[in-house]
Amino acid sequence: QVQLVESGGGLVQAGGSMRLSCVASGTFVSFNDMAWYRQAPGKERELVAVITRGGNTDYSDSVKGRFTISRDNAKNSVYLQMNSLKPEDTAVYYCNVQYWRLGLNGVAWGQGTLVTVSS
């Protein structure tokens with residue numbers, strides 16, 4: 001069993017900042033890549049940012065320079081610091097974690113947290 005618990009979403013004004021958190025838990029598990037996805041109304045879910053266990057990161061072009069993904073392996077947590085938010089950032093943000101457990105690869109998803117950016 002691998003569970004992800006997200007927090008930090010809410011309403012924020014354009015130009016403001018918000019920090020999302022995701023805590024993963026499970027037994028006999030090693031967490032590999034961690035990522036944030038988002039899904040805006042009428043849009044497909046898209047990858048926002050990803051971070052490897054070693055700390056390498058990559059971002060979608062739309063958020064590069066504004067968002068920062070980070071992780072704390074000791075806490076099995078991944079974070080998304082969002083700055084200079086725009087209305088088009090409004091979406092449900094999902095935490096995604098790839099993991100190994102008992103010799104098997106798996107993927108876990110958070111249930112999503114809504115980020116609303118007002119103009």
Side-chain angles (χ1 to χ4, degrees):
Q1 298 179 0
V2 174
Q3 298 288 119
L4 306 183
V5 179
E6 300 180 27
S7 63
L11 178 64
V12 65
Q13 188 177 10
S17 298
M18 183 171 287
R19 182 180 175 87
L20 305 182
S21 298
C22 175
V23 180
S25 63
T27 57
F28 300 102
V29 63
S30 295
F31 297 105
N32 299 316
D33 290 357
M34 291 180 159
W36 288 96
Y37 288 74
R38 68 185 181 186
Q39 188 166 20
K43 304 288 184 64
E44 294 188 2
R45 189 172 299 186
E46 65 171 337
L47 177 64
V48 176
V50 61
I51 183 168
T52 69
R53 184 170 183 84
N56 290 340
T57 61
D58 202 5
Y59 301 88
S60 68
D61 290 339
S62 62
V63 308
K64 189 175 180 64
R66 299 188 298 121
F67 291 11
T68 301
I69 188 171
S70 61
R71 66 190 289 167
D72 185 339
N73 290 335
K75 297 180 178 180
N76 296 325
S77 300
V78 61
Y79 311 94
L80 186 67
Q81 178 66 47
M82 303 182 292
N83 299 326
S84 302
L85 283 162
K86 305 174 181 179
E88 50 262 46
D89 294 319
T90 296
V92 177
Y93 284 72
Y94 298 91
C95 178
N96 171 273
V97 176
Q98 298 185 154
Y99 63 88
W100 285 94
R101 184 176 186 271
L102 302 177
L104 298 175
N105 178 261
V107 179
W109 289 91
Q111 295 190 35
T113 183
L114 177 62
V115 174
T116 302
V117 184
S118 63
S119 60

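Computed from a predicted model, the values in this text were never measured in an experiment. Each residue takes its place number in the sequence, starting with 1.
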CD of Glu6 to CG of Leu114: how many Å apart, nearest 0.5 Å? 11.5 Å
Who are the side chain to side chain donor-acceptor pair (under 3.5 Å) partners of Gln81, not counting sequence neighbours? Asn83
Quick note, side-chain hydrogen bond (donor to acceptor under 3.5 Å, both in side chains) partners involving residues 18-29, not counting sequence neighbours, are Thr27-Arg101
By the rule that ILVMFWY residues connect when side-chain heavy atoms come within less than 4.5 angstrom, directly or transitively, which residues belong alongside Phe28? Leu102
In Å, rounded to the nearest 0.5 Å, how long is the span from CG of Asn32 to CD of Gln98? 7.0 Å
Residue pairs passing the disulfide bond (SG atoms under 2.5 Å apart) test where at least one lies in residues 19-119, sequence neighbours excluded: Cys22-Cys95
Once salt bridge (Lys or Arg N to Asp or Glu O under 4.0 Å) is applied, what residue pairs with a partner in residues 60-76 remain, sequence neighbours excluded? Arg66-Asp89
Provide the full list of side-chain hydrogen bond (donor to acceptor under 3.5 Å, both in side chains) pairs with a residue in residues 103-119, sequence neighbours left out, each pair given once. none
One should read off an interatomic distance between Ser70 OG and Tyr79 OH, to the nearest 0.5 angstrom, of 7.0 Å
Quick one: disulfide bond (SG atoms under 2.5 Å apart) pairs with a partner in residues 50-82, sequence neighbours left out? none
Once rounded to the nearest 0.5 Å, what's the spacing between atom CG of Asn96 and atom CG of Leu47? 8.0 Å
Tell me the salt bridge (Lys or Arg N to Asp or Glu O under 4.0 Å) pairs involving residues 46-55, sequence neighbours left out? Arg38-Glu46
Atom of Ser77, atom of Val23 and distance for their closest heavy-atom approach: OG-CG2, 3.5 Å
Remaining members of the apolar cluster that contains Leu85, side-chain heavy atoms under 4.5 Å: Val2, Leu4, Val12, Met18, Leu20, Val29, Phe31, Met34, Trp36, Val48, Ile51, Tyr59, Val63, Phe67, Ile69, Val78, Leu80, Met82, Tyr93, Val97, Tyr99, Val115, Val117
Exceeds 12 heavy-atom contacts within 6.0 angstrom, atom CD of Gln1: no
